Amino acid sequence: MSDDLDFVEEFGVNPGDPLVQRPGHVSHGRFERVLRAGHFAVTTEIAPPDSVDPDEVLARAKLFDGYVDAINATDGSGANCHMSSLGVCAILTRAGYSPIIQFSCRDRNRIAMQGDLLGAAALGVCSVLCLTGDDVGAGDHPEAKPVFDLDSISLLQTTKILRDESRFLSGRPLDAAPRLFVGASINPFVPPLENRVDQLAKKIRAGAEFIQSQYCFDIDQLKRFMARACDMGLHEQAYILVGVGVLGSAKTAKWLRSNVPGVHIPDAIINRLEGARNQKAEGRRIAVELMQQIKETPGVAGAHLMAYRHEEWVGEIVKQSGVLGDRKPWAPEPLDSTIGVVTPLEEVVDSITGTDS
Amino acid sequence: MYAIRRWSSRHARGLERLYKATRPGILSGLRLVTRLFGKRLDRPITATERLLKGALFDCQMCGDCVLSKTGMTCPMNCPKGIRNGPCGGVRANGMCEVKPDMRCVWVDAWNGAAKMEDGDAIKDIEFAVDHSRVGQSSWLRLARDE
């Protein structure tokens, strides 16, 4: 591939211009490039605003510049109302970011879901995370009708059918198929523990190419899970990113554990927070250590750092953990001011885009 | 009823044997009925299925029965109607995230499947329910499709 052309693609006139789809890739997205190049990827989550101001989205995304490879846009997480993940992603792709759109089955039937998958791809979204979604009872509109026409696995299949067979579920052909890198979530930390690997295998068979897990605060449990996943060869069939949470205090940790379904926090973590003089700093230290331990766990391809209400800590945690090594993920403005002026060397481009394939 | 439904999951092995033994007879009977009466007996047959499976499994008559693949546990009792569960919200004690007093349907399903001869069928991917079939008899459909 021509280096000059590659350069224009990466830092073109309009940062929202699509990249070139590389051979063997299913999307033209940067996130897929990073993973397929074999890098340890870091993703995070953006809290969608309760607002129509696009600058608010961009200001929140800017906190992550240079530290993450992709940003998940949550879809009414916890069944609370916010700006849609599609809206957030459209704003992010225009600025050149690489968002992962979260698609929950709670609020839309299969007609709306397929339409929105096409819409997302048309707006430059390259990665989608297929979720079943929280129940409406968990959120601020418990009187809403839960849809759940599909479940996460049926949604994975649906996305694959749109992309690979270029047709709707009905069979009606598409004129142009969405090029989406397809992901799913797992939670290895809640019952039935012995079947969680089977569930992962099922999601991969349904089409998941990358996986983002629920918060991992229990490294031993993760190691047991990953050992079984590796035995089944699952780590070679999908890129597994493990979720890392940032706990602000022991009180928050206890609240999360008892009020948010699916969050498993061992007593050891809570005791450690309680015993710390500065609980906030300790929470960050725990996150840093988890990132490092996760990177050391065989079969893991990356970390998904979820710092709800502590987004400003993401950069520091990633930096301190050192999991990126010398690699600097792409950010909207060239980090080196000479880029874009001189003919770039391949390694300069690669160090900034984080992809040297 | 909840207690009976849970009993059925615990006794998935026995129910599987019963199902395998009676299935050919039930299906050929239904085929015979169809030949003799056409669709005139569909309503009483559907009502019988609803009554029987309702009592044993809290069957919701989704019209696409997968009981024999899901550890004799009806997935339609999952508040999210997940056909490929469980979700990630299961409580540490194995209870449902939405209904804390109810055992997660899919925890029971995987446990039931582990007892069954053909329990591995729970690993098959089931596509979401066809809503145009909800309320219809799965037995009749099986008899007429096969």
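Just so you know, these numbers come straight off a predicted model, no measurement behind them. Residue numbering restarts at 1 for every chain, and letters A, B, ... go by the order of the sequence lines.
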Counting heavy-atom pairs under 4.5 Å with chain A, the top scorer among B/V129, B/V107, B/V90, B/N93 is B/V90
Within the distance-only criterion (no hydrogens, no angle test), does the side chain of A/Q199 pair as donor or acceptor with the backbone N or O of B/P86 below 3.5 angstrom? yes
Can you tell me if B/K20 has over 12 outside heavy atoms packed within less than 6.0 Å of its NZ? yes
Euclidean distance, A/I153 CD1 relative to B/E126 CD, rounded to 0.5 Å: 10.5 Å
Indicate the atoms forming the closest heavy-atom contact of A/P261 with B/G89, along with that distance. CB-O, 3.5 Å
Check the pair B/K123, A/N195 against side-chain contact (heavy atoms from CB on, under 4.5 Å), reporting the backbone distance first and the verdict last. CA-CA 10 Å; B/K123 294 176 184 168; A/N195 302 118; over 6 Å; no
Which answer fits A/R196, side chain, backbone, both or neither, if we ask what part of it has an atom under 4.5 Å from a heavy atom of chain B? side chain
More than 12 heavy atoms from other groups under 6.0 Å of NZ on B/K115: yes
By a 4.5 Å heavy-atom criterion (distance strictly below it), what part of A/R106 contacts chain B: side chain, backbone, both, or neither? neither
Would you confirm whether A/N187, through its side chain, and B/G88, through its main-chain N or O, come within 3.5 Å as a donor-acceptor pair? yes
Which heavy atom of A/P191 sits nearest a heavy atom of B/A92, and at what distance? CG-O, 3.4 Å
Using modelled atom types and a 3.5 Å cut-off, is there a donor and acceptor pairing between side-chain atoms of B/K80 and backbone atoms of A/G133? yes
All heavy atoms of A/F148 vs all of B/P79, minimum pair found to be CD1-O, 4.4 Å
Options A/D149, A/V147, A/L131, ranked by heavy-atom pairs under 4.5 Å with chain B, top entry: A/D149
For B/D124, is it the side chain, the backbone, both or neither that has a heavy atom under 4.5 Å from a heavy atom of chain A? backbone
Do A/D135 and B/K99 have side chains that approach each other closer than 4.5 Å (heavy atoms only, starting at C-beta)? no
Around atom NZ of A/K160, are there more than 12 heavy atoms of other residues, nucleotides or ligands at under 6.0 Å? yes
Are B/F127 and A/L169 side-chain neighbours, meaning at least one heavy-atom pair lies under 4.5 Å? yes
Side chains of B/N84 and A/S154 in contact at under 4.5 Å (non-hydrogen atoms): yes
Just by modelled atom types, is the B/I122 backbone N or O under 3.5 Å from a matching donor or acceptor in the A/K202 side chain? yes
So does B/L18 have more than 12 non-hydrogen atoms from other groups sitting under 6.0 Å from CG? yes
